[in-house]
Structure formats: structure tokens, C-alpha cells
Amino acid sequence: QEMENKRMWSDEETLAFVGFMEEFVVDGQRADCGQFKPGTFEKLALKMLEAFPGCTLTAKHCKNKHKRLKEKYQYAADMLACSGFGWNNEKECVEVDSKDVLDAWLKAHPTKFYTPGKPFPLFHRLEGIFGRDRATGAGAVSGFDAEEQVNEETDDTAAGFDQSEMSPPPDQEGFAATQGQASHSEAGATAGSTRLCGRKRKQVDVLERMADQIQQSSADQRKNA
């Protein structure tokens with residue numbers, strides 16, 4: 001059974017698969033927790049069969065491929081959140097400062113899903129698909145990455161709904177301001193869905209305070225009168 005679900009994917013198939021996942025993210029096929037909704041892998045398999053007639057891909061193959069891509073992305077993203085690792089744009093890979101840094105990392109993460117130095121051209125596209133699931137814990141992004149991610153997210157979501165003019169600049173300023181005092185994990189969480197709730201809550205607090213002040217001043221006026 002396990003062997004039936006394992007399959008070698010060509011680079012062309014993988015690229016097409018990532019493109020279909022991106023379309024599904026834009027179409028709102030993801031649940032709040034960042035997982036695809038039930039039935040999405042069946043739809044992905046159909047898309048793949050249309051694109052590659054004669055390929056024998058099943059929904060299970062698509063689910064396994066999604067899982068492997070996610071593990072590889074997550075592993076590389078977690079590396080980038082640690083000091084001693086960085087992204088090389090030219091070579092499209094994660095780089096590491098020294099063998100010691102890498103050895104320490106591998107000791108803490110014995111299951112290896114990605115090797116620094118190996119080209120990973122799909123990394124930033126996968127970030128658009130999986131990046132929003134990484135809120136806390138080991139997955140928390142560093143402050144700089146988080147800010148970059150928020151900017152990308154705002155653009156992504158806005159573009160997806162043809163409202164590019166509506167991506168709100170105050171959002172990024174507010175986020176940059178809170179980042180100063182936030183720890184890494186908080187910054188990571190802020191990059192996620194909590195961002196909006198936090199901002200709404202703040203607005204509500206401000207409005208309530210204003211209402212209190214207005215009541216207070218009108219009560220004072222009555223007293224003076």
C-alpha cells in the first residue's frame with residue numbers, strides 16, 4: 001500500500017502542482033489552520049490529470065507531495081529564522097556561516113528535509129502557500145522575516161481579490177512599531193492571523209476610551225452648570 005502512494009515526480013509536474021496549490025490558496029481553499037479543506041487533494045489530482053494526460057496521479061499522491069514540500073519548506077524556513085543561516089538570492093539556496101552552526105542545527109533537528117547550499121528555487125512560492133501556518137514555537141520567524149512576510153501577505157491577499165489599492169500601509173507601520181518590543185515568537189504570531197484581531201481590538205479600546213471621556217466631560221459640564 002505504502003509503495004503505491006510513493007511516486008517519483010518530474011520537475012515539470014512539481015512546478016505545475018505548486019502553481020495549482022497557489023491557485024487554490026487564492027480561491028480560498030484553505031481552512032483557518034492553514035490546511036487545505038477536505039476534497040482539495042482530489043481537485044488537485046484532477047488538475048494534474050488534465051495538465052498531464054496519462055499520468056497516474058491520485059489524491060493520495062498529491063497529499064504526500066504536499067506534505068513533503070511543506071516539510072522541506074518548513075525546515076529551510078526554520079533554518080533562516082536562526083542566526084548563522086541566510087538566503088542567497090543568486091543561488092536560490094540557504095547558506096550557513098560555518099560547519100559548527102550546521103552541526104549544532106543537525107544535532108537539534110536529526111530528520112533532514114533540506115541541505116544548505118542545495119538550490120531551492122520554489123522556496124518563496126511555497127512561503128505563499130505554507131508561510132501563514134507558522135505562527136509560534138520553532139516556526140516563529142525572525143523580526144525581519146516577519147515584516148517581509150507581512151508585506152508579501154498583504155500584497156498576495158490583496159492581489160488575489162483585485163483590491164491592490166486597498167492593501168493598507170498603516171498596517172505595516174503599526175507592525176514595525178510593535179516589533180521593537182515583541183519577542184521573536186510574538187513577532188511570528190503577529191505575522192499571522194492575530195494581526196488583524198489585535199488591530200481591531202486596539203481600535204475598539206480607543207473608541208471606548210473616547211466615549212468614556214465624552215461622558216465624563218458632559219458630566220463635568222452639568223456639574224459646573
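Quick note: residue numbers are just sequence positions, from 1. Just so it is clear, the values below take in all heavy atoms, side chains as well, and ignore hydrogens, waters and symmetry mates.
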Residue pairs meeting salt bridge (charged side-chain N to carboxylate O under 4.0 Å, His left out), one or both in residues 85-95, sequence neighbours left out, come to none

Residues passing the side chain to side chain contact (heavy atoms under 4.5 Å, CB included) test with E12, sequence neighbours excluded, are S10, F52

Hits for ring pair (Phe, Tyr, Trp, His ring centres under 6.0 Å) against Y114, two or more places apart or cross-chain, chain-then-number order -> F120

When rounded to the nearest 0.5 Å, the distance separating NZ of K72 from CG of L69 is 7.5 Å

Residues 14-23 vs side chain to side chain donor-acceptor pair (under 3.5 Å), sequence neighbours excluded, gives T14-K65, E22-R125, E23-K47

What one should report as the nearest heavy-atom pair of M48 and W9 is CE-CZ3, 3.8 Å

Minimal heavy-atom distance between K37 and G28, with the atoms involved, is NZ-O, 3.0 Å

- prompt: How about W87 and H124: are their ring centres within less than 6.0 Å of each other?
  reply: yes

CD1 of I129 to CZ of F20, rounded to nearest 0.5 Å, is 12.0 Å

In this structure, CG of L44 is separated from OG1 of T58 (nearest 0.5 Å) by 11.5 Å

Nearest heavy-atom approach of V96 to P116 is CG1-CB, 4.2 Å

With sequence neighbours left out, the residues meeting side chain to side chain contact (heavy atoms under 4.5 Å, CB included) with K63 are F41

Flag side-chain contact, heavy atom, 4.5 Å: Q74 against F113:
no

Closest non-hydrogen contact found for V94 with A76 is CG2-CB, 4.1 Å

On a heavy-atom basis, the closest approach of A45 and A59 is CB-N, 3.7 Å

Residue pair W105 / D103, side-chain donor-acceptor N/O under 3.5 Å
no

Side chains of F36 and V25, heavy atoms from C-beta outward: is any pair under 4.5 Å?
yes

The reported gap from SG in C62 to NZ in K43 (rounded to nearest 0.5 angstrom) is 13.5 Å

Between H66 and the options F24, Y73, F17, F130, the ring-ring contact (aromatic ring centres under 6.0 Å, His included) test singles out F130

The side chain to side chain contact (heavy atoms under 4.5 Å, CB included) partners of T56 (sequence neighbours excluded) come to R7

